[in-house]
> 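Shown below is the structure under consideration.
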Amino acid sequence: MAANLFSEIEYLKGVGKARGEKYRKLGIGSPYDLIYHVPRAYLDFRVHVPVCQAECGAYNVLKLTVFRKMPPQRIRGGLVICKAAATDGIDDILIVMYNNVYGFQALKEGETYYMYGKVSGNFLRKEISAPVYISANENVLIQPVYHLTQGLSVNMVRTNMRQALELMKKEPFETLPVNIQRKYGLCPLTWALENIHFPESDAASETARQRLAFDELLKLQLGMALMKKRSRRNTAFRMNSDLDISEFTSGLPFELTGDQKKAIEEIVSDLCRDVPMNRLLQGDVGSGKTAVAAAACYFASKNGMQSALMAPTEILALQHYRTLSEFLEPFGVKVCLLTGSLTAKKKAALYEQIASGETDVIVGTHAIIQKNVEYKALGLVITDEQHRFGVAQRAALAEKSDAPHKLVMSATPIPRTLALIIYGDLDISAITQLPKGRKPVQTYAVTGKLRSRAFGFVRGKLDEGRQAYVVCPMIEESESDLFAVKTYAENAQSGELKGYTVALLHGKMSAAEKERTMKKFRAGEIQVLICTTVVEVGVDVPNAAVMVIENAERFGLSQLHQLRGRVGRGEFESSCILITDNTSEECVKRMKIMSSTSDGFKISEEDLKMRGPGDFFGNAQHGLPPLKIADIACNMELMNKAQNCAKELLAADPELSAPEHKTLKMDVIKLFNREIVG
């Protein structure tokens, strides 16, 4: 079978079944996928040095003629070592390859090559290990370097890439009309794909990258817009705008801020429309998002509808349950808590209450989306810290009803530009004001030399009757990390915190153990909670007025800000002490940012600039399709252009159904794993 761009990758010349399986590990199933497997870097063979000038212990480019190949040697463990002697015309050098018989066989005696590799040895005898090489007759001297998997060499991928690009030339395609290319200063797509792999020059690779990054951002925008449109089908839960909620808002034990009032107005307005609400409620730690969510739940219950709030952890679910009960129960709105740790008997009783409509607001973890849970009239679905849930989990909650209204809450401040991308299918309400009476947390960054002074300050606060958190980084949740945290707690109890009641809280504890510990801490029976990032969200103890974060350099800025938000929740002056012995320029900069501002949105902007979107979210699944080329943090100008282009295309062709948009729509569907179809 002759290969074409969309045939199985195995049909590409020289690939076959075994290599095809290796390509599939990289997500490459066809020659079309292969041409979008862009290089992670380039090797520049244009500048080479003679053997005598090659720096030992460093990577060098050499121009060498192979004059003798030795038979491959098999040694213990199945390792194959291949050696060849080569010369630059004056000095000789030994070429050494490990377990790369294919690459060694391709070398021909008497042929000249450019080779890039690590040179070792001394003035008299040198060798180059595992070199990447190209023929000296090669026209393109800037060569791509790819992400590989075991069994695939860079030369194999380059050879197959050239074949895939030849297929593309026979079946050229373009996703953007010529007038759009001209308007946004973009090169043709097939030229871009050729020059991203085998660029004619540095300028050519940059021009190609700009086009492909633009395409990627455009597909992202188009996908989000189409998802938004899909979610706009009619809802069975249109609410009555004549119903008044002033009784609820005026009955709260505090005055709502202007931002909270505006967010409630926007949500109530959405709930009264024919199409389901799809809104993100963004607010800094302690900004009062739960009060806004409570108002939405109250309005839904007045309309005879149920609300469900899903939180990522039991601690956070319990916190929401307490707060919502406190706000809503006085108005006759019944709230229940459904989590995985409840007994089967308690769960069965709750299932009945939920199915009969006896319960108005259901709060819980992913337990609220299990098969057994049936709702009578689920009109409002709320997810908290949405980026911690997978796409499937979020969809499962919405599918418990017929096109319910959706509210997403996030206490992780995300720069508005990034929020528009990640939550592009949502409308956004932001709370930037802190409730009245809240005092900003004073933050200090110190080295380990001042640890004793820092704990002296902590003891002073404890003696005043306050409580404290000490956060230790347990990033991997591994046994060694857990041992380190437990050891730290034991040392603190017999050292700096001797005489005070201290307890440990970490992610490996059962839900019941965590709740017992938190209950004691809330009641004041525990003075110091030594914990991991399990306290990052949802722990609300107004009497806790000081936090110490050990090894602060191991946390991102946004995570430090989340942790800091656990103090300063009462009327007391609160402090956060960051301890780190890392004096690198980047770490010093991050500590200065934390010490100088308590604005979560400013911090998130800096965090994004410093770490990029991948690290910004860590391993959390934020639902954003993986971008191979575009860097959201650095491509904001390109992002704005892509947004304008997306609006332009959808205004002319709302479903991208025109023949000239066929390839573009296919790519959008592919990027979003078909989520936007139907």
> Could you go through Glu255 and Gln260, starting from their C-alpha distance and side-chain angles, then the distance that decides it, and tell me whether this counts as side-chain contact (heavy atoms from CB on, under 4.5 Å)?
CA-CA 10 Å; Glu255 190 186 337; Gln260 284 175 310; over 6 Å; no
> Can you tell me how far apart CE (Met547) and OG (Ser575) are? Round to the nearest 0.5 Å.
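Here the interatomic distance stands at 12.0 Å.
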> Under 3.5 Å, side chain of Gln467 to main-chain N/O of Ile526, donor-acceptor pair present?
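Between the backbone of Ile526 and the side chain of Gln467 there is a qualifying donor-acceptor contact (under 3.5 Å).
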> Say you draw a straight line from OG of Ser595 to CD1 of Ile577; how long is it, rounded to the nearest 0.5 Å?
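One gets 11.0 Å once the value is rounded to the nearest 0.5 Å.
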> If only atom types and distance count, is the side chain of Ser429 paired as donor or acceptor with the main-chain N or O of Ala263 below 3.5 Å?
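Between the backbone of Ala263 and the side chain of Ser429 there is no qualifying donor-acceptor contact (under 3.5 Å).
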> Would you say the side chain of Met518 lies within less than 4.5 Å of the side chain of Val541, judging by non-hydrogen atoms?
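Result yes, sub-4.5 Å side-chain heavy-atom pair found.
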> Considering only NZ, NE, NH1 and NH2 on the basic side and carboxylate oxygens on the acidic side, decide whether Asp259 and Lys262 come within less than 4.0 Å.
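Salt bridge absent between Asp259 and Lys262.
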> Carefully, step by step, assess Ser246 and Asp244 under the rule side chain to side chain donor-acceptor pair (under 3.5 Å).
CA-CA 6 Å; Ser246 58; Asp244 185 21; 2.6 Å; yes
> Could you check if a side-chain atom of Tyr351 sits within less than 4.5 angstrom of a side-chain atom of Leu338, using non-hydrogen atoms only?
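When only atoms from C-beta onward are counted, Leu338 and Tyr351 do touch, with a gap below 4.5 Å.
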> For Met594, is there any backbone N or O sitting under 3.5 Å from a side-chain donor or acceptor partner on Arg564?
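Yes, the answer is positive, given that a donor and an acceptor are paired below the 3.5 Å cut-off.
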> Is the backbone of Glu265 close enough, under 3.5 Å, to the side chain of Ser269 for a donor and an acceptor to pair up by distance?
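Side chain of Ser269 to backbone of Glu265: no pair is present.
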> With side-chain contact (heavy atoms from CB on, under 4.5 Å) as the test, would you mind laying out the steps for Leu309 and Met409 before giving the verdict?
CA-CA 10 Å; Leu309 189 155; Met409 297 200 298; 4.1 Å; yes
> Measure the shortest side-chain to side-chain distance between Met310 and Ile382 over non-hydrogen atoms and say whether it is less than 4.5 angstrom.
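No - every pair of side-chain heavy atoms lies 4.5 Å or more apart.
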> Which atom names give the shortest non-hydrogen contact between Ala294 and Leu328, and what distance separates them?
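Looking at all heavy atoms of both residues, the closest pair is O-CD2, 3.5 Å.
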> In the structure I gave you, are the side-chain heavy atoms of His320 and Thr323 within less than 4.5 Å of one another anywhere?
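No, every pair of side-chain atoms sits at 4.5 Å or beyond.
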> Would you say the side-chain atoms of Asn303 pair up with the backbone N or O of Met305, donor to acceptor, closer than 3.5 Å?
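Judged by distance alone, no pair lies under 3.5 Å.
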> Measure from the side-chain N and O atoms of Asn372 to the backbone N and O of Ala348, and report whether any donor-acceptor pair falls under 3.5 Å.
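Side chain of Asn372 to backbone of Ala348: no pair is present.
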> Around atom CD of Glu329, are there more than 12 heavy atoms from other residues, nucleotides or ligands closer than 6.0 Å?
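It does: Glu329 CD has more than 12 such atoms within range.
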> Using the rule given for side-chain contact (heavy atoms from CB on, under 4.5 Å), can you reason through Asn640 versus Gln643, listing the C-alpha separation, both sets of side-chain angles and the distance that settles it, and then say yes or no?
CA-CA 5 Å; Asn640 292 333; Gln643 273 178 330; 3.6 Å; yes
> Rounded to the nearest 0.5 Å, what separation is found between the NZ atom of Lys346 and the SG atom of Cys336?
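Between atom NZ of Lys346 and atom SG of Cys336 there are 13.0 Å.
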> Roughly how far, to the nearest 0.5 Å, is OH of Tyr469 from CZ of Arg566?
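Between atom CZ of Arg566 and atom OH of Tyr469 there are 7.0 Å.
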> Between Arg238 and Cys272 (side chain of the first, backbone of the second, donor and acceptor by atom type, cut-off under 3.5 Å), is there such a pair?
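Side chain of Arg238 to backbone of Cys272, a donor-acceptor pair under 3.5 Å: yes, one is there.
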> Thr501 vs Gln527, test: side chain to side chain donor-acceptor pair (under 3.5 Å). Steps then yes/no.
CA-CA 5 Å; Thr501 53; Gln527 291 172 285; 3.3 Å; yes
> Working to the nearest 0.5 Å, report the span between CG of Leu324 and CD1 of Ile362.
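Result: 11.5 Å between the selected atoms.
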> Measure across Tyr298 and Ile245 and return the closest heavy-atom pair with its distance rounded to 0.1 Å.
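Shortest heavy-atom separation between Tyr298 and Ile245 comes out as CD2-CG2, 3.7 Å.
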> When you measure from the side chain of Gln306 to the backbone N and O of Lys376, does any donor-acceptor pair fall under 3.5 Å?
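Yes: the side chain of Gln306 pairs with the backbone of Lys376.
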> State whether the number of non-hydrogen atoms from other residues, nucleotides or ligands found under 6.0 Å of Glu513 atom CD is greater than 12.
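Count over threshold, so yes.
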> Please check if the side chain of Thr313 supplies one atom and the backbone of Ala311 the other of a donor-acceptor pair under 3.5 Å.
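Not a single qualifying donor-acceptor pair exists.
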> Thinking salt bridges, do Arg522 and Glu515 make one under a 4.0 Å N-O criterion?
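Yes.
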> Report yes if some heavy atom in the side chain of Met509 is under 4.5 Å from a heavy atom in the side chain of His506; otherwise report no.
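Side chain of Met509 against side chain of His506, heavy atoms only: contact under 4.5 Å found.
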> At their closest point, which heavy atom of Tyr488 faces which heavy atom of Cys472, and how far apart are they?
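Looking at all heavy atoms of both residues, the closest pair is CD2-SG, 3.6 Å.
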> Specify the closest pair of heavy atoms between Ala295 and Ile264, including all atoms of both residues, with the distance to one decimal.
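Taking Ala295 first and Ile264 second, the nearest heavy atoms are CB-CD1, 3.7 Å.
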> May I ask you to test the Leu222-Leu650 pair for a side-chain heavy-atom distance under 4.5 Å?
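Of all side-chain heavy-atom pairs linking Leu650 with Leu222, at least one is under 4.5 Å.
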> At their closest point, which heavy atom of Leu560 faces which heavy atom of Leu578, and how far apart are they?
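For Leu560 and Leu578, the tightest heavy-atom pair comes out as CD2-CD2, 4.1 Å.
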> For the residue pair Ser598 and Thr443, establish whether any side-chain heavy-atom pair is separated by less than 4.5 Å.
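They are not in side-chain contact.
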> Taking atom NZ of Lys334 as the centre, report whether more than 12 heavy atoms of other residues, nucleotides or ligands fall under 6.0 Å from it.
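Yes, enclosed.
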> Looking at every heavy atom in both Ile267 and Arg279, which two are closest together, and how far apart are they?
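Result for this residue pair: CG1-CD, 3.9 Å.
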> Using 0.5 Å steps for rounding, measure from the CE atom of Met239 to the CG atom of Asp270.
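Reported value, rounded in 0.5 Å steps: 10.5 Å.
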> Kindly indicate, with the supporting measurements, whether the criterion side-chain contact (heavy atoms from CB on, under 4.5 Å) is fulfilled by Leu318 and Arg322.
CA-CA 6 Å; Leu318 186 64; Arg322 281 209 178 88; 3.5 Å; yes
> Are the side chains of Ser410 and Leu280 in touch, meaning some heavy atoms are under 4.5 Å apart?
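In short, these two side chains touch, coming nearer than 4.5 Å.
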> For Gly364, does its backbone N or O pair with a side-chain atom of Thr339 as donor and acceptor, under 3.5 Å?
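Checked: no pair found.
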